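Just below is one structure, and these are the notes that go with it.
No hydrogens, no waters, no symmetry mates; every other heavy atom, side chains included, goes into these values. What you see is a predicted model, and the numbers here were worked out from it, not measured in a lab. A note on names: the letters A, B, ... follow the listed sequences, proteins ahead of strands, and every chain is numbered from 1.
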Amino acid sequence: MPLSDHAPLPRAFFDRDTLLVARALLGCRLVRRVNGELVAATIVETEAYRGAMDTACHAHRRETPRTRAMFGPPGHAYVYLVYGMHWLLNIVTEPEGSPCAVLVRAVEPHVNEDAMRRLRPVKNRELSNGPGKLTRALAIDKTLYGEDMTRPSQLWVVKGDAPNTISSGPRVGIDYAAPADRDAPWRLWITDNPWVSKAR
DNA sequence: TAAATGATGTCCT
DNA sequence: GGACATCATTTAG
């Protein structure tokens, strides 16, 4: 890949309405440098978590040590553990003080799929068709909490091919949220992409 | 200090 | 379709 393809998306890209960023991220490439190797995967599914007013968002009550990154400037990673075993990757959006983020729910291998398979040795699309699966395949965990993803050091995002069609629906696994937030179609995916996670 | 609870994945039937 | 693994974080007491 030419060097220009490695230029990270700038902070301004993330400093916008979260739903807009969640859309714009589809087709972009998540780039990871691990063990001296470069790996890239296309983002095919995202979810928008829209801050204090969104009862599905971890930051809707107040700032806590865990959610600190979401209150900070856009373009940083918000990584956390769910169910005691899975790391999930979010990218912080909107200005500092507005605790919003986009959850990356599924990716399609693009460059160096072998490295991903070594990190997560499973068959076919099981590799990265889910939020906890892709973090395993890209070696993303707590050590990347708060990482500045606008710098090409360990984890960043580069422009990709814009998808033809985008589909949307309710977010997954947020039964605890208020009905209006549960129903909001803030889960976005590339229509018909086979790497999209299975809906509940 | 203690208890409840997940922005999930895997294995079993 | 359902059970359950597994633990950091949060919230209650």
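Atoms CG (A/D181) and P (B/dA7) sit 14 Å apart, rounded to a whole Å. A/R66 has its CZ atom 9 Å from the C1' atom of B/dG6, to the nearest Å. Atom pair A/M70:CE and B/dA7:P shows a separation of 11 Å (rounding to whole Å applied). A straight line from NZ of A/K198 to P of B/dT10 spans 11 Å, rounded to a whole angstrom. If you measure from atom CG of A/D183 to atom C1' of B/dA7, you get 16 Å, rounded to the nearest angstrom. Regarding A/H58, its NE2 atom lies at a distance of 11 Å from the P atom of C/dT11, rounded to whole Å. A straight line from CH2 of A/W87 to P of C/dT9 spans 7 Å, rounded to a whole angstrom. The distance between atom NE2 of A/H86 and atom P of B/dT10, rounded to the nearest whole Å, is 7 Å.
Remark: A/R50 CZ to A/S98 OG distance equals 10.0 Å, nearest 0.5 Å. Within the model, atoms CZ of A/R136 and CG of A/D141 stand 9.5 Å from one another, a figure rounded to the nearest 0.5 Å.
Distances from the side chain of A/R105 to the nucleotides B/dG9, B/dG6, B/dT8 place B/dT8 closest. Each of C/dT9, B/dG9, B/dA7 was ranked by its minimum atom distance to the side chain of A/T64; first place goes to C/dT9. Here the nucleotide nearest the side chain of A/V172, chosen from B/dG9, B/dT8, B/dA7, is B/dT8.
Remark: A/R68 does not engage A/E63 in a salt bridge, criterion side-chain N to carboxylate O under 4.0 Å. In summary, A/R117 and A/E113 engage in a salt bridge, as defined by a charged side-chain N under 4.0 Å from a carboxylate O. For A/E108 and A/R29, the salt-bridge test fails: no basic side-chain N is under 4.0 Å from an acidic carboxylate O. For the pair A/R171 and A/D54, the salt-bridge criterion is met [side-chain N within less than 4.0 Å of a carboxylate O].
Here B/dA7 sits opposite no nucleotide as a Watson-Crick or G-U wobble pair (both hydrogen-bonding atom distances under 3.5 Å).
Once the 5.5 Å centre distance and the 30° plane angle are applied, the aromatic ring of A/Y83 is found not to be stacked with the base of B/dG6.
Between A/K142 and C/dC7 there is no side-chain N or O to OP1 or OP2 distance below 4.0 Å. Taking 4.0 angstrom as the limit, A/Y176 places a side-chain polar atom (N or O) nearer than this to OP1 or OP2 of B/dA7. Checking the phosphate oxygens (OP1, OP2) of C/dT11, a side-chain nitrogen or oxygen of A/R61 falls inside 4.0 Å.
Only one option out of A/Y80, A/F71, A/Y176 pairs with A/H58 in a ring-ring contact (aromatic ring centres under 6.0 Å, His included); it is A/Y80.
The 12-atom threshold is not exceeded at CZ of A/R151, counting heavy atoms of other residues, nucleotides or ligands nearer than 6.0 Å.
Within the nucleic acid shown, A/R171 has no heavy atom closer than 4.0 Å to any nucleic acid atom. If you check every strand for non-hydrogen atoms under 4.0 Å, A/R120 touches sugar and phosphate atoms only. Residue A/R62 is classed as a sugar-phosphate contact, given heavy-atom separations below 4.0 Å to backbone atoms only. Among the atoms of the strands shown, base atoms are found under 4.0 Å from some heavy atom of A/A56. Among the heavy atoms of the strands lying under 4.0 Å from A/L103 is at least one base atom, whether or not backbone atoms are also near.
The stretch residues 90-102 of chain A does not touch DNA chain C, since none of its heavy atoms comes less than 4.0 Å from the strand.
Of the residues near DNA chain C, A/M85 and A/P65, the one whose nearest nucleotide (by heavy atom distance) lies more toward the 5' end is A/M85.
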